[in-house]
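One structure below.
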Amino acid sequence: QRRVHGDILSVYFFSLYSAAELQPALYFLLIVLLLLLPLPPPLFFLFGLQYFVPNLLHSGPRGHPMAASAQEPNIDDMLDNFDDALDEATEELTLLKERSGRQDGAPTHPSASRVHRRNASYQPTIDDPRSFLSRPLPKLGMMECRVTREIEGVGKLFPKYTLRLEYNNQLLMSARKQKNSTSSVYVITLDNSATSSSPNYFGKIRSNFVGTEFSLFDAGVKPGKATGSSLSNLRQHLGGFFYEPNILGTKGPRRITIAVPALDSADNPVPWQPGEESTGNTVVENFKAGNTTGLLVFRNKDPQWNENLRAYVLNFSGRVTKPSVKNFQLVPASDENTIALQFGKVSKTEFTLDFQYPFSGLQAFSIALSAFDNKLACE
């Protein structure tokens, strides 16, 4: 296990070197600093580099001047490269174990192996996406969707994500991580634009600095900016997503908790329409204070250790085919047997997202977006 982790760190450091196109002298300097500083190596990689590497980079590939319009490498791109390298390394390790029966080494995240196909899903006809995707799904089973991550060209620094129905490929929503923000902010639209200026702007999620807490808001007006008639359209707080801190995965797979507004007798979400967020009247602040009145709470289903694969596994009923740190299933806090949402990898750019009542489409897509985001304190 120590050897596997060492290989992964080597891959990560090589990714940093490749992404940043560091000069050999600077590369040597980083190694010297790593040996001299009293920081543990993982902390050096995950925290130290994000502060001083971007400030040292002023040249493009192979030392040629960088064009003024080009985007310089940043820690988000480096961490995304690390996530992909980790997933690919784990996938290859799992395949080797299945073929050769090896027992050493242990990926520390859910695998999609040993799964079975399940019954038919809910296949809706969606004529009014804004209304349909803002309300909880009807109690008619799982709605199967697919999330595509577009990471080609310069835009790979800020990937775009699209959500489509599985059975007819209908576009439901798109989202993109925003630039020039101190924390992660994803804008969600009902078209393919993924911009807040779109007439189809639908909502956004925002994280804290280290990526362990996320807040979901609808397209209403932000408190403090509302005037006149817009006072009747203040934004609603539709959920809080929490990832337990877990440096380098030493505690095993990710631990996720989701809190969303409870539903009334007509299946309408209980209004969470806070004033200025400094008052603390938000889903996130109430949940952190231990107040779950008016909230529904979900947690990720604990994966089981498979001794043959030497890996954690979950039964995705054939919907997930690649092992990944992003694979998870959500169950109600009081019921481990009812899967309300599941998300997992099928290729480098394709992921499945299946969910059912009481989640809305906007909530489910936002939870998936939070899983993509880099988490310095979780991996």
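Source: prediction; values computed, not measured. If you read the sequence from its start, that first residue is 1, and numbering goes on from there.
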**Study point:** Salt-bridge contact E150-R176 (side-chain N to carboxylate O under 4.0 Å)
**Key:** no
Point to revise | Side chains of S207 and S183, donor plus acceptor under 3.5 Å | key: no
Check your understanding: Counting N and O atoms only, with roles assigned by atom type, does the side chain of E350 sit under 3.5 Å from a partner on the main chain of S347, one being a donor and the other an acceptor?
Key -> no
Study note, to complete from the structure: Only one of F316, F355, F372 passes ring-ring contact (aromatic ring centres under 6.0 Å, His included) with F343, and that residue is F372
Check your understanding: Which class fits the ring pair F214 and Y243: parallel under 30°, tilted 30 to 60°, perpendicular over 60°?
Key -> perpendicular
Review point. Does a salt bridge link K288 with E213, judged by any charged N lying under 4.0 Å from a carboxylate O?
Key: yes
Exercise for review: Would you check if the side chain of H237 reaches a backbone N or O of F217 as a donor-acceptor pair within less than 3.5 Å?
Suggested key: no
Review point. Are the charged groups of K204 and D218 less than 4.0 angstrom apart, N to O?
Key: no
Practice item. Could you work out the complete set of other residues in the hydrophobic cluster of Y201, with links drawn between I, L, V, M, F, W and Y side chains under 4.5 Å apart? Key: V187
Practice item. Check whether the side chains of S198 and D191 place a donor and an acceptor atom closer than 3.5 Å, and report yes or no. Key: yes
**Study point:** Ionic contact status for R319 with D354, cut-off 4.0 Å
**Key:** yes
Review point. Please, which pairs that meet side-chain hydrogen bond (donor to acceptor under 3.5 Å, both in side chains) have at least one residue in residues 290-299, sequence neighbours excluded?
Key: T257-R299, N286-N291, N291-T293
